[in-house]
*Asks:* 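Below you'll find the structure I mean.
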Amino acid sequence: MIVIEPIDKKLNTAIMMKQEEMLEYARRYGMTDPRTVTCSQQLDRLLNKQEKLSFTLAAYSLETFSDMYGF
């Protein structure tokens, strides 16, 4: 079985921090405040980056697995 570790610990940390920041803005200023929306967009970019890295790693892992076992 292939165990996949977290893609990028710094990226995961940045995502968690941005989530907390966005939630704080939402509590203080509301969901539609420009600060909240901007923070949400920044979080979206981080999540998209993480997803792209995940797909790249998954494709690499599948290719490596196929090479190892002749599939």
Side-chain angles (χ1 to χ4, degrees):
M1 173 178 12
I2 297 172
V3 177
I4 298 176
E5 295 295 323
I7 306 302
D8 182 337
K9 290 182 181 182
K10 289 181 182 178
L11 181 58
N12 288 340
T13 300
I15 288 170
M16 290 188 299
M17 290 175 65
K18 189 57 68 174
Q19 286 173 329
E20 289 299 319
E21 181 182 0
M22 186 190 70
L23 290 171
E24 184 59 33
Y25 281 139
R27 280 187 215 109
R28 281 189 185 184
Y29 308 112
M31 296 291 288
T32 58
D33 184 84
R35 290 167 282 206
T36 306
V37 173
T38 298
C39 195
S40 176
Q41 291 168 341
Q42 293 168 347
L43 176 59
D44 287 343
R45 283 192 287 277
L46 290 170
L47 291 169
N48 289 339
K49 184 176 182 179
Q50 182 184 48
E51 184 175 19
K52 185 176 180 180
L53 288 171
S54 294
F55 282 132
T56 301
L57 180 61
Y60 173 77
S61 296
L62 182 59
E63 183 178 310
T64 302
F65 182 80
S66 296
D67 290 345
M68 286 173 53
Y69 295 102
F71 293 117

*Asks:* Measure the spacing between NZ of K10 and CG of N12 and express it to the nearest 0.5 Å.
*Replies:* 12.5 Å
*Asks:* List, one per line, each side-chain donor-acceptor pair under 3.5 Å for residues 41-49, sequence neighbours excluded.
*Replies:*
residue: Q42; atom: OE1; partner: K18; partner atom: NZ; Å: 2.7
residue: N48; atom: ND2; partner: D44; partner atom: O; Å: 3.3

*Asks:* Linking Ile, Leu, Val, Met, Phe, Trp and Tyr through side-chain heavy atoms less than 4.5 Å apart, which residues share a cluster with Y25?
*Replies:* Y29
*Asks:* What salt bridge (charged side-chain N to carboxylate O under 4.0 Å, His left out) pairs are there with at least one residue in residues 24-40, not counting sequence neighbours?
*Replies:* E24-R27, E24-R28, D33-R35
*Asks:* Return the minimal non-hydrogen interatomic distance between V37 and T32, and the atom names on each side.
*Replies:* CG2-O, 3.9 Å
*Asks:* Can you check whether I15 reaches Q50 side chain to side chain, under 4.5 Å on heavy atoms?
*Replies:* yes
*Asks:* For the side chain of T36 and the backbone of M31, is there at least one donor-acceptor N/O pair under 3.5 Å apart?
*Replies:* no
*Asks:* Please round to the nearest 0.5 Å and tell me the distance separating atom CD of E21 and atom SG of C39.
*Replies:* 3.5 Å
